[in-house]
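Structure record follows, encoded as structure tokens.
Ligands are counted one by one from 1 in listed order, and the atoms in each one are counted from 1 as well. Quick note: residue numbers are just sequence positions, from 1.
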Amino acid sequence: MHIYLLLLSTLLTAAASSGSTEKIGPSREDIESHLSSKTPYRVIANRNDKEVKYPGCTPIRIWSVIRHGTRNPSRKFIECAQTHLHRLRDKIVNSTKSHLSEQQKVALQKWTLTISPDEEKILLVEGEDELLELAERMQNRFPDLLVENYDPLHYKFKYTATQRTLKSAESFATGLFGRQHIRQITYPPALHKDPILRFYKLCNRWKSEVDKNPDSLVEVKKFEQSSEMKKALKQIMKKTGLSGLTPTDAHQMYMACAFETAWSKNQMSPWCAVFDKHSIRTMEYYKELEHYYIDGYGHELTTKIACPAVVDMLDHISPTSVHTNATFYFTHSGTILKLLAHLQLYKDDFVLTHNDFNRNRKWRISKIDAFASNIAFVTFDCGSEAKVLVLHQERVVHLPGCPPDQHLCSYEQIRHILKDSVERCEFNEICKL
Ligand SMILES: *[C@@H]1O[C@H](CO)[C@@H](O)[C@H](O)[C@H]1NC(C)=O
Ligand SMILES: *[C@@H]1O[C@H](CO)[C@@H](O)[C@H](O)[C@H]1NC(C)=O
């Protein structure tokens with residue numbers, strides 16, 4: 001018995017110390033928290049949902065934008081993956097040079113993309129859970145404001161004209177009111193280009209100068225040629241036994257790893273096994289740079305155009321507002337990031353370039369733009385004045401200009417900080433081509 005235990009523990013120790021990362025591959029944590037905008041919300045959720053209380057203050061209003069939950073990939077990805085990733089899979093499985101474990105190889109061999117292009121971008125069960133649980137926690141934090149009885153004079157829910165935001169709204173409402181009550185809810189007509197929920201779709205100048213402009217991706221292209229990318233590709237080629245791998249190939253593997261890991265709480269995609277700690281972070285930075293230049297600080301215009309949403313927010317959270325007390329908008333990554341940038345949050349004191357992979361950054365897409373990412377402004381009536389709590393991913397954030405040592409910031413102060421965006425929100429003017 002003793003000898004058996006000793007032997008067992010010796011074997012286990014040996015297994016743990018014999019270059020385990022190369023054999024076993026990165027852990028679930030290593031992978032899950034570096035999936036950029038495909039990170040499932042469970043990785044970053046704040047599970048502390050104690051009632052939020054400040055002495056002498058009562059929450060009276062909330063305005064919140066919420067990204068839809070975990071979804072299927074786009075049609076484009078599904079179509080590419082169906083041909084290209086299946087081909088790469090066969091080559092890897094056939095390779096005599098791969099360093100994958102037998103188990104990893106078998107998992108890849110069995111891998112196939114089971115979704116069809118017609119199922120593109122639909123919200124998945126994991127996404128429904130994300131929204132439902134988020135609603136429950138928000139209600140636990142603010143039970144007197146997020147009352148359990150639906151009243152259209154108290155609550156407003158709006159989504160864009162997509163299945164994933166509609167389903168997200170319904171899941172969130174289910175979390176607040178219970179499944180049997182969600183049929184009562186009325187929604188305003190959903191728009192594809194909503195001026196508040198998806199303002200950028202109405203900005204022609206942003207579309208042509210930023211979104212569709214190849215020059216926007218100069219740093220991303222440079223990063224493709226960087227030593228970090230070369231090092232990552234080399235590691236993936238060693239692991240898979242493939243040769244001539246391009247950043248695009250690695251990107252497809254990364255996307256498959258990300259989506260398939262997000263979908264399920266207890267399974268990891270077999271594609272994640274091709275990465276190590278460095279290469280998964282390299283792919284993450286690749287996407288971070290792209291979002292920086294398309295949805296973030298990379299272009300001044302991008303940070304400016306969120307002003308219609310900010311005007312709407314200040315209108316709704318005002319203590320003298322005539323709007324609904326609780327307003328929830330179900331929207332997209334592009335809205336969350338541009339709004340964060342407009343609020344000057346997660347802004348680094350340097351401009352991100354292809355050279356900044358090793359620098360500490362605030363602009364971390366996996367943290368700030370996961371599926372079901374959310375920003376909320378909550379007004380408290382504190383007797384003599386109204387104060388505002390700003391939450392991102394259910395955690396307190398401080399707008400620059402608000403007291404950094406206090407949770408609450410006065411409503412007047414926030415109005416003052418955002419004065420320019422309100423008074424000079426010439427959206428149509430700045431978006432004209
Ligand atoms: C709704 O908002 C009004 C105006 O700000 C406020 O007086 C009232 O207390 C709020 N209702 C709830 C339930 O918080
Ligand atoms: C894999 O190996 C088998 C048997 O050697 C061969 O028939 C097949 O064409 C190979 N597939 C690829 C993608 O290389």
Side-chain angles (χ1 to χ4, degrees), residues 46 48-66 131-159 169-178 180-188 196-197 307-330 339 343 374-392 394-397 399 402-403 406-419 421-423 425:
N46 179 6
N48 172 3
D49 59 357
K50 276 207 311 275
E51 185 172 350
V52 174
K53 285 184 174 165
Y54 298 102
C57 300
T58 324
I60 54 166
R61 316 198 64 88
I62 183 169
W63 180 98
S64 179
V65 288
I66 307 177
L131 273 291
L132 187 144
E133 288 166 21
L134 173 65
E136 288 178 342
R137 290 192 300 271
M138 289 304 276
Q139 194 168 45
N140 292 342
R141 292 186 183 106
F142 307 106
D144 300 330
L145 177 58
L146 300 180
V147 289
E148 286 187 33
N149 292 324
Y150 170 69
D151 175 353
L153 298 176
H154 186 77
Y155 280 105
K156 177 160 110 186
F157 302 100
K158 196 175 191 201
Y159 52 86
E170 287 180 351
S171 303
F172 192 85
T174 304
L176 292 181
F177 313 122
Q180 65 277 26
H181 297 294
I182 63 163
R183 284 188 203 290
Q184 301 166 231
I185 296 165
T186 50
Y187 299 96
I196 308 294
L197 277 69
C307 63
V310 170
V311 171
D312 188 84
M313 179 274 287
L314 288 169
D315 272 0
H316 281 77
I317 68 163
S318 159
T320 58
S321 160
V322 294
H323 300 287
T324 44
N325 290 65
T327 303
F328 293 96
Y329 294 147
F330 300 89
L339 191 55
L343 298 170
N374 51 90
I375 305 171
F377 289 80
V378 186
T379 308
F380 285 77
D381 175 356
C382 299
S384 58
E385 64 175 339
K387 294 188 176 182
V388 177
L389 181 70
V390 187
L391 301 172
H392 175 226
E394 311 173 78
R395 291 173 185 87
V396 179
V397 286
L399 299 190
C402 282
Q406 290 166 27
H407 284 184
L408 299 176
C409 186
S410 84
Y411 176 76
E412 285 312 320
Q413 181 69 19
I414 291 202
R415 265 206 98 85
H416 177 73
I417 293 168
L418 299 169
K419 193 164 173 274
S421 21
V422 180
E423 288 171 9
C425 182

Parallel, tilted or perpendicular: rings of His316 and Tyr329 (30°, 60°)
perpendicular

Any side-chain donor paired with an acceptor under 3.5 Å for Trp63 and Asp315?
no

Apply side-chain contact (heavy atoms from CB on, under 4.5 Å) to [X] and list each qualifying residue two or more places apart in sequence or on a separate chain.
X      : result
Arg395 : Asn46, Gln393
Ser410 : Glu385, Glu412, Gln413
Lys53  : Glu51

is_close_aromatic(Phe172, Tyr159), centroid dist under 6.0 Å
no

For ligand 1, the residues whose heavy atoms come within less than 4.0 Å (ordered by chain, then number):
Pro59, Ile60, Arg61, Leu145, His154, Pro319, Asn325

